[in-house]
Every structure is written in structure tokens, then in C-alpha cells.
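Below: the structure, in C-alpha cells.
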Amino acid sequence: MLSNLLNEKTVRIADGKKLDWKTSIKEASKPLLENGTILNGYVSSMIDVVKKEGPYINIGPGIALAHAQPNGFVNRVGMALLKTKDSIALTSKDHMINVWFVLAAVDSNSHLESIKELTKLLTDPNNVEKLLSANSVCDLLNVIKNVDLNFAVKRKEDKK
């Protein structure tokens with residue numbers, strides 16, 4: 001479940017006033033560095049990919065999903081979230097971001113369930129609005145937990 005990855009230890013809020021996109025990715029990655037999910041090389045890889053490929057991590061209005069190819073700098077599947085109160089330009093003002101997800105995967109398949117649940121979260125416009133307007137970690141976690149509950153109910157109905 002998404003709340004196993006995104007919880008009080010991996011979700012943070014910052015004002016964003018003094019952050020640029022590179023610093024935002026670094027800040028969003030801190031919980032995963034602190035708990036040993038990733039190494040510093042993974043953070044550098046995510047930044048390098050954006051420098052090379054552009055703002056492809058901008059996955060919706062105000063939302064970025066920072067990630068890189070599995071490269072030996074990831075110890076286990078992980079996810080973190082940084083919500084910035086101020087919008088931050090991801091490479092240009094055409095891509096203003098407030099919600100910074102970081103996804104870490106050890107291989108090409110281990111993170112697919114997490115992506116499915118994240119997709120469920122982000123394809124509901126109400127959830128996106130709640131994430132963008134959240135003012136506390138508690139607010140963010142409530143949105144995630146609600147999606148987890150709905151996802152679990154849907155799975156039970158599908159099995160019937």
C-alpha cells in the first residue's frame with residue numbers, strides 16, 4: 001500500500017522560497033537517504049537525467065515524479081514526498097511544481113505496484129487538489145490513506 005512508503009517519516013513540507021528544482025529533488029530525497037533506501041549517487045542520477053532530458057518528470061499540474069534508472073544506488077523500493085508551499089520552476093517557469101515525489105526502484109519491476117497506487121492517487125482531480133492545497137504532513141497523509149482505503153475496497157470487489 002502507498003502509505004507503507006509514504007508515511008510520517010518520508011513525507012515533508014517546506015516553504016520553498018529558497019529552493020530551486022535541484023535542491024527540491026535533494027530535499028525530497030532526504031528521507032530515503034536517511035533510512036538507507038538510496039545512496040547519494042541516486043540523487044545525482046535523478047538530477048543528471050533532468051539536466052539531460054528536460055522536465056519530463058513533470059507528470060501533472062504542479063506535480064513532479066523524480067526518478068532514475070536502477071543503477072546500484074538503490075537498496076530497496078522507496079518513495080518520498082516533499083510539498084512546497086511556494087511553486088518552484090522545474091527547469092523553466094513553464095513547469096511550476098509544488099509536489100515533489102521521489103521514486104526509487106532496484107530493478108524494472110519491483111516498483112510497479114507502487115506506481116499503480118500512485119497513479120490511482122494522481123488521476124483523481126480531487127486528490128491532486130488536496131495535495132496541492134495541503135498545509136501539513138497530516139493533510140498529505142490523510143489523502144494518501146484515503147486512496148489506500150479505496151484501493152483496498154476496489155481490490156476486494158474485483159476478487160468477487
Side-chain angles (χ1 to χ4, degrees), residues 1-35 37-38 42-43 46-47 49-51 53-68 74 77-105 110-159:
M1 294 210 312
L2 201 54
S3 58
N4 291 341
L5 297 174
L6 294 173
N7 54 56
E8 57 279 337
K9 294 179 181 175
T10 58
V11 174
R12 296 183 178 178
I13 290 192
D15 67 23
K17 289 185 190 303
K18 296 182 181 180
L19 300 179
D20 62 14
W21 69 267
K22 292 176 221 157
T23 310
S24 297
I25 290 173
K26 290 176 185 176
E27 287 296 315
S29 300
K30 277 186 179 178
L32 300 179
L33 286 166
E34 291 168 359
N35 70 20
T37 297
I38 62 172
Y42 190 69
V43 179
M46 290 186 289
I47 291 169
V49 171
V50 174
K51 285 179 183 175
E53 303 295 333
Y56 80 101
I57 66 170
N58 184 183
I59 61 170
I63 301 172
L65 176 60
H67 60 285
V74 178
V77 173
M79 195 178 297
L81 167 60
L82 174 69
K83 163 67 169 53
T84 58
K85 293 179 182 176
D86 290 332
S87 298
I88 299 164
L90 174 60
T91 71
S92 77
K93 297 218 183 269
D94 292 334
H95 302 277
M96 300 303 288
I97 306 297
N98 291 86
V99 177
W100 301 83
F101 288 96
V102 171
L103 175 66
S110 59
H111 64 293
L112 295 179
E113 190 66 27
S114 303
I115 289 290
K116 185 190 297 184
E117 292 179 28
L118 184 60
T119 301
K120 184 76 172 161
L121 172 71
L122 298 176
T123 55
D124 183 332
N126 292 326
N127 291 336
V128 171
E129 181 55 38
K130 288 176 186 175
L131 290 174
L132 291 169
S133 63
N135 291 312
S136 70
V137 169
C138 185
D139 291 343
L140 292 166
L141 293 176
N142 283 337
V143 177
I144 293 162
K145 287 176 185 171
N146 188 40
V147 169
D148 272 355
L149 290 173
N150 291 337
F151 196 71
V153 168
K154 174 87 171 100
R155 282 183 137 174
K156 285 181 182 177
E157 289 172 358
D158 289 346
K159 288 182 180 180

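Values in this document were obtained by computation on a predicted structure and should not be read as measured data.
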Ile88 side chain reached by Trp100 side chain, heavy atoms, under 4.5 Å: yes
CG of Leu19 to CD1 of Ile25, rounded to nearest 0.5 Å, is 11.5 Å
Value for CD1 (Ile144) from CG (Leu6), rounded to nearest 0.5 Å, stands at 4.5 Å
Separation between NZ (Lys145) and SG (Cys138), nearest 0.5 Å, reads 7.0 Å
query = Is any side-chain heavy atom of Lys9 less than 4.5 Å from a side-chain heavy atom of Glu34?
reply = no
Nearest heavy-atom approach of Lys120 to Asn127 is O-ND2, 4.2 Å
Only one of Ile13, Asn98, Ile97 passes side chain to side chain contact (heavy atoms under 4.5 Å, CB included) with Thr84, and that residue is Asn98
Between Ile57 and the options Val49, Ile63, Leu90, the side chain to side chain contact (heavy atoms under 4.5 Å, CB included) test singles out Leu90
Note: Leu5 and Ser114 closest approach over all heavy atoms is CD1-OG, 3.2 Å
Between Leu33 and Ile38 the two heavy atoms that sit nearest each other are CD2-O, 3.6 Å
State whether the side chain of Asn7 and the backbone N or O of Asn4 hold a donor-acceptor pair below 3.5 Å, judged by distance alone.
yes
Worksheet item: Is the closest side-chain heavy-atom distance between Ile115 and Thr119 below 4.5 Å?
Response: yes
On a heavy-atom basis, the closest approach of Ile47 and Trp21 is O-CH2, 3.7 Å
Here the pair of heavy atoms bringing Val128 nearest to Pro61 is CG1-O, 4.5 Å
Under the criterion side chain to side chain contact (heavy atoms under 4.5 Å, CB included), I'd like the reasoning laid out for His95 against Tyr56: C-alpha separation, chi angles, the key distance, then a yes or no.
CA-CA 10 Å; His95 302 277; Tyr56 80 101; over 6 Å; no
When rounded to the nearest 0.5 Å, the distance separating CG of Asp86 from CE of Met96 is 9.0 Å
CA sep, side-chain torsions, deciding dist, call: Thr23, Asp20, side chain to side chain contact (heavy atoms under 4.5 Å, CB included): CA-CA 5 Å; Thr23 310; Asp20 62 14; 2.7 Å; yes
Rounding to 0.5 Å, atoms CG (Leu2) and CG (Leu141) come to a distance of 10.0 Å
**OP:** Evaluate the side chain to side chain contact (heavy atoms under 4.5 Å, CB included) criterion for residues Leu121 and Phe101: first the C-alpha distance (whole Å), next the side-chain angles of each, then the deciding distance (0.1 Å), finally the verdict.
**Re:** CA-CA 12 Å; Leu121 172 71; Phe101 288 96; 4.0 Å; yes
Carefully, step by step, assess Leu65 and Leu122 under the rule side chain to side chain contact (heavy atoms under 4.5 Å, CB included).
CA-CA 11 Å; Leu65 176 60; Leu122 298 176; over 6 Å; no
### Any donor-acceptor N/O pair, Lys83 side chain to Leu140 backbone, under 3.5 Å
no
Residues Thr10 and Met79: closest non-hydrogen pair is CB-O, 3.6 Å
